[in-house]
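Data block below; observations after.
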2 protein chains.
Amino acid sequence: MTPAAARRPTILDVAARAGVSKSAVSLALRGSPGISDATRARILTCAEDLGYRGNRLARALVEGRSALVGVVLNDLSNPYHTEIVAGIEDGATAMGATTLLTHGQRDPHRTVLQVEMLLGLNVEGLVLVGSRVPVDALERLGRTLPTIVVGRLEAPVPGVDTIANDDEAGARSAVHHLAALGHEHVAHVSSSTRPAALSRRRAYLATMDDLGLGDRAVVHARDRLDGTEEDLDEVARRAVADPRTTAVFASNDVAALAVLDAASAAGRSLPGDLSVVGYDNSTISRIVRPRLTSVDQPRPLMGTLAAEMLAERLAGRTTDRHEVLPPTLVVRDSTAPPAARVV
Amino acid sequence: MTPAAARRPTILDVAARAGVSKSAVSLALRGSPGISDATRARILTCAEDLGYRGNRLARALVEGRSALVGVVLNDLSNPYHTEIVAGIEDGATAMGATTLLTHGQRDPHRTVLQVEMLLGLNVEGLVLVGSRVPVDALERLGRTLPTIVVGRLEAPVPGVDTIANDDEAGARSAVHHLAALGHEHVAHVSSSTRPAALSRRRAYLATMDDLGLGDRAVVHARDRLDGTEEDLDEVARRAVADPRTTAVFASNDVAALAVLDAASAAGRSLPGDLSVVGYDNSTISRIVRPRLTSVDQPRPLMGTLAAEMLAERLAGRTTDRHEVLPPTLVVRDSTAPPAARVV
DNA sequence: TTGAAAGCGCTAACAA
DNA sequence: TTGTTAGCGCTTTCAA
């Protein structure tokens, strides 16, 4: 009594049907030489007839390589990541590898579990996108297999390559844009103390200084001295409440959205009464009204670059590589010259 | 000359170190009985020392089952899907399976390729979320392995289970909500001719009839008679241009967003001058202003249910199951009673 | 040009 | 309680 579901045909079934040995089938299937065209054609036909489908697991086992690459997102629901993923996948496909996609639900612990899972499946390389993997775990990965981190790290980890956008340049372009429009009281809303946000915060202050506006710079940050985080909307309200402030540079689009809301609630008209620049050029920036001026990271490029660096590692590179890519400012409707002052 | 990267330790290495046979290690690792506690402890320690990590590929090969489940999204960048995925993953984890996530980039062809890839990895089941897999391919899948489709199908496919929300009920609740607010001229903006959108369109018309408003119903659809699709913004403009229309039910949140924009552009104030209801309760509905009233599908439940149905199939169920879940209306700020008419 | 045989890392009989 | 053995489906020597 065999089960109802037909067993999946193996290479042996094809061999039997074609009247050859299983190694002949293996050769034929992968287009290797050392087999006559006639036999190959016959074998291919038989395989087709049987609906034969190679067993990648078996192949990976015997070849000692899986041609699998793991991609771990911090958070699947973050639309910021999807273009990066597409880039990685394109690159991986080009090098004959298959990407396995997972996500850590924003939780470092779950992220580590996902990574474990991928290692169990014998992935040959790992790309971590924005994932908050603990440094010790990252170090272990760097020793174990090619590992690329897309996103800013607090400090380099040996054996781990990184790809990030130039947060300093991005922040600078945002502030310069606002200053060029005539804004002097440009405030900053900072959403976190993670490396990328901190870089932007520092660059904001430095740029304000460079422009001779250092004494007008003011940072509204969520992080409190006691280590807790203030509500983002509350921070936005604070920033908007200052009547001198005519423009805000926010450390990401989510924070910018909070500022837009707070401004509306406070009766400040946008962008005349208050200009806002975000960071990430996420879908949010196209959905909100006014449409958000935002700093764009070259996401597709970051993805293909990740795949490329992975390929290099697999080809034998052992030195670490840290790539920083230039962002570009996308100007939309949320920034304009400051309205004439009614004193 | 061995390569620099240390070979990953196998069960044999552990056995050698512990001075036992490899089957003893296998037993110890999986907590099977038939081995003394002392030996087990020793083996576990050795495995730990060596940094041993089981090879799932080898295990899958010998056990004849992979404990892998494939999840295929139509589009990774569609935030609508992510909660469903979380549900599927939770369910799969509970049944001891691992989910492999992929996406088809909205392209049926690419989707089929992804499915092929998953089959090559010996997944034991497949969950397709909103994916547009051609019917013939779907039929083949239904014959080959447990397959669950989350989303509405044009017609049932033998061997394929489905999970969908009740589009009729959702459309009805949207129209009833608007009618209860006092709207009579409720128009519908329909974004496509896909099964879900068509169901909502039909239910809209039926509900308007039921309410005695049949003669005031008007459908603004993208689909033209010649089979082409009109620009969504253009359709929204048309809908908003009709001065009698005081409310719009859109077939999804993206369409609703287009209506909101068109309304603003036409100088109609929201929601007093025009009320709008969307469908999907996507992140869009929380980002736009006014916040969008929208029909919510029970996504987490859809996900866990998918995993559950998969488990049933794997346990031997051979009858098809089609589940339809009730949606709920989430009322936000985009709907209000019609403003008093200035005649 | 083809077939036979070994073995990838593991589990699951079975024998000791 | 332990060790031995035979494969899972495939690739890859090596002979024929």
Side-chain angles (χ1 to χ4, degrees), chain A residues 2-3 6-44 46-47 50-68 96 98 119-124, chain B residues 2-3 6-44 46-47 50-68 96 98 119-124:
Chain A
T2 48
R7 189 182 53 83
R8 186 163 138 181
T10 76
I11 200 171
L12 277 168
D13 299 317
V14 180
R17 184 172 235 261
V20 297
S21 77
K22 64 173 183 169
S23 34
V25 178
S26 178
L27 290 177
L29 252 30
R30 248 156 340 99
S32 313
I35 193 168
S36 69
D37 286 354
T39 324
R40 161 164 297 137
R42 188 157 42 87
I43 291 174
L44 257 34
C46 292
L50 256 40
Y52 171 80
R53 186 185 313 271
N55 185 336
R56 274 189 72 156
L57 267 43
R59 186 210 270 239
L61 187 59
V62 65
E63 284 188 332
R65 51 160 310 196
S66 61
L68 253 27
T98 300
L119 292 178
L121 287 170
N122 295 20
V123 293
E124 295 177 37
Chain B
T2 46
R7 188 182 53 84
R8 187 163 137 180
T10 76
I11 200 172
L12 277 168
D13 299 317
V14 180
R17 183 172 237 262
V20 295
S21 76
K22 64 173 181 168
S23 37
V25 178
S26 178
L27 290 178
L29 253 30
R30 253 156 337 101
S32 311
I35 193 167
S36 70
D37 285 354
T39 326
R40 161 164 298 137
R42 187 157 44 88
I43 293 174
L44 258 35
C46 293
L50 257 39
Y52 170 80
R53 188 184 312 272
N55 186 336
R56 277 189 69 157
L57 267 44
R59 187 210 270 238
L61 187 58
V62 64
E63 283 188 333
R65 50 160 310 195
S66 61
L68 252 30
T98 301
L119 293 178
L121 287 171
N122 294 23
V123 293
E124 295 178 37

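Values below: all heavy atoms of this structure, side chains included; hydrogens, waters and symmetry mates excluded. Order of the sequence lines sets the chain letters (A, B, ...), proteins ahead of strands, with each chain counted from 1.
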Looking at residues at least two apart in the chain, or sitting in another chain, which of them share a salt bridge (Lys or Arg N to Asp or Glu O under 4.0 Å) with A/Arg17? A/Asp49
Quick one: which protein N/O atoms are closer than 3.5 Å to N/O atoms of nucleotides 6-8 of chain C? Pair and distance per line, please.
{"from": "C/dC8", "atom 1": "O2", "to": "A/Val62", "atom 2": "N", "distance (Å)": "3.2"}

Using every non-hydrogen atom in the two residues, find where B/Ala67 and B/Gly96 come nearest and quote the distance to one decimal. CB-O, 4.0 Å
Non-hydrogen atoms of B/Arg8 and B/Arg53 that approach each other most closely: NH2-O, 3.4 Å
Rounded to whole Å, please give me the gap between [atom1] in [X] and [atom2] in [N].
X       : N      : atom1 : atom2 : value
B/Arg59 : D/dG9  : CZ    : P     : 18 Å
A/Arg30 : D/dT12 : CZ    : C1'   : 9 Å
B/Ile11 : D/dG3  : CD1   : P     : 13 Å
A/Ile35 : D/dT11 : CD1   : C1'   : 14 Å
B/Leu29 : C/dG9  : CG    : P     : 15 Å
B/Leu57 : D/dT11 : CG    : P     : 14 Å
B/Leu27 : C/dA12 : CG    : C1'   : 9 Å
B/Arg65 : C/dA12 : CZ    : C1'   : 15 Å

Given D/dT11, D/dG3, D/dG9, identify the nucleotide with an atom nearest to the side chain of B/Ser23. D/dG3
State which residues pass side chain to side chain contact (heavy atoms under 4.5 Å, CB included) with B/Ala47; sequence neighbours excluded, sorted by chain then number. B/Val14, B/Leu29, B/Tyr52
Taking only residues two or more places apart in sequence or in another chain, which ones pass side chain to side chain contact (heavy atoms under 4.5 Å, CB included) with A/Arg59? A/Arg30, A/Glu63
Applying side-chain hydrogen bond (donor to acceptor under 3.5 Å, both in side chains), name anything that partners A/Thr39, two or more places apart in sequence or on another chain. A/Ser36
Applying side-chain hydrogen bond (donor to acceptor under 3.5 Å, both in side chains), can you list everything that pairs with B/Arg56, at least two apart in sequence or on another chain? B/Thr98
Check if the side chain of B/Ser26 and the base of C/dA12 share a donor-acceptor pair of N or O atoms closer than 3.5 Å. no
Comparing A/Tyr52 and B/Asp37 on DNA chain D - which has the more 5′ nearest nucleotide: B/Asp37
